Amino acid sequence: MKIAVITGASRGIGKATAAEFLRRGWAVIGTSTSGDGWSHDYLSWTALDLANSGSIARAADEIASRGNFDVLINNAGIMPRHGQENGGDIVVAALREVLEVNLIGTIDFTERVAGEVKSGGHIVFLGSGLGSLNGVTGSWWPSYSISKAALSMYTQKLAHRLKGRNITASIVSPGWVKTDMGGEGAPRDATQAAEEIFRLATSAVPTGRFWQSGEPIAW
């Protein structure tokens with residue numbers, strides 16, 4: 001049975017993506033900050049707080065102890081807390097908080113578990129159109145946008161480094177999705193994004209690309 005590791009799998013897009021992998025006959029190792037989550041016969045949980053280096057190290061060790069896996073979906077991430085970036089002003093405290101989770105913590109975790117990804121495997125990062133230099137313009141959510149733009153660069157660097165091991169690295173924009181983060185006004189459902197993430201993660205595609213709705217898009 002193939003195995004996927006999915007961060008932030010207790011809710012939102014992460015939960016929907018885990019459910020999609022399970023529906024397709026995969027086993028899933030999910031992470032949440034508490035280590036708790038919903039139940040399925042082929043779903044297990046690991047505590048992971050991407051803002052805490054000790055938690056990252058412990059989670060990586062626990063996952064490595066279970067053996068190699070096929071796919072890593074780096075889904076977990078945060079937005080600035082409500083009111084921190086009203087009007088698009090950069091709040092340095094918010095920037096530090098968001099970068100710690102969305103960029104530094106995600107990179108730290110990925111670097112620690114990448115050695116467990118099987119040849120032919122795939123590492124997928126959840127990006128955003130807000131992080132595209134050629135996409136959405138405006139001053140909305142600067143800290144989040146900066147974190148996702150930087151994550152795109154890491155994806156490219158990682159793709160180059162892992163090419164020799166036949167491991168693909170991709171970043172995908174799920175679009176504006178109806179979740180706790182996206183809000184009720186979002187036009188897309190989490191299951192739609194999850195289906196697209198599954199297809200990307202299990203397809204033979206060029207490494208180091210930015211994807212949306214199954215198509216490569218400009219950085």
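Everything numeric here is computed off the predicted structure, so don't read it as measured data.
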Q) Would you find a donor on one side and an acceptor on the other, under 3.5 Å apart, between the side chain of Asn75 and the backbone of Gly8? A) yes

Q. Step by step, would you call Thr202 with Arg24 a side-chain hydrogen bond (donor to acceptor under 3.5 Å, both in side chains)?
A. CA-CA 11 Å; Thr202 57; Arg24 301 281 192 149; over 6 Å; no

Q: Measure up the Phe210 and Trp219 rings against each other and bin them: parallel (under 30°), tilted (30 to 60°), perpendicular (over 60°).
A: parallel

Q) Do the side chains of Ser213 and Glu196 get nearer than 4.5 Å, heavy atoms only? A) yes

Q. Is Thr46 reaching over with its side chain to a backbone N or O of Gly35, donor-acceptor style, under 3.5 angstrom?
A. no

Q. With side chains defined as the heavy atoms from C-beta onward, is the minimum distance between Ile73 and Val5 less than 4.5 Å?
A. no

Q) Does the distance from a Lys or Arg side-chain N to an Asp or Glu carboxylate O, for Asp70 and Lys118, drop under 4.0 Å? A) yes

Q: Taking only Lys NZ, Arg NE, NH1 and NH2, and the carboxylate oxygens of Asp or Glu, determine whether Arg58 and Glu62 approach each other closer than 4.0 Å.
A: no

Q: Give me the ring orientation class for Tyr42 and His40: parallel if the planes are under 30° apart, tilted from 30 to 60°, perpendicular past 60°.
A: tilted

Q | SB check Arg161 Glu111 (cutoff 4.0 Å) | A | yes

Q) Is Tyr154 linked to Ile171 within one hydrophobic cluster, defined over Ile, Leu, Val, Met, Phe, Trp and Tyr using a side-chain heavy-atom separation of less than 4.5 Å? A) yes

Q) What are the two closest heavy atoms between Asp36 and Trp45, and how far apart are they? A) O-CE3, 4.0 Å

Q) Any sub-3.5 Å donor-acceptor pair from Ser55's side-chain atoms to Asp49's backbone N or O? A) yes

Q.
I'd like to know if Arg96 and Glu100 make a salt bridge, using a cut-off of under 4.0 Å between side-chain N and carboxylate O.
A. no

Q: Could you tell me whether a side-chain N or O of Ser203 sits under 3.5 Å from a main-chain N or O of Val205, the two making a donor and an acceptor?
A: no

Q: Check the pair Thr110 / Asn74 against side-chain hydrogen bond (donor to acceptor under 3.5 Å, both in side chains), numbers first and verdict last.
A: CA-CA 8 Å; Thr110 301; Asn74 279 300; 3.1 Å; yes

Q. So which heavy atom on Leu103 is nearest to which on Leu151, and how close?
A. CD1-N, 3.8 Å

Q: Please examine the side chains of Lys15 and Ser10, heavy atoms only from C-beta on, and report whether any two atoms are closer than 4.5 Å.
A: no

Q: Ignoring hydrogens and angles, tell me if any N or O in the side chain of Ser173 forms a donor-acceptor pair with the backbone of Gly129 under 3.5 Å.
A: yes

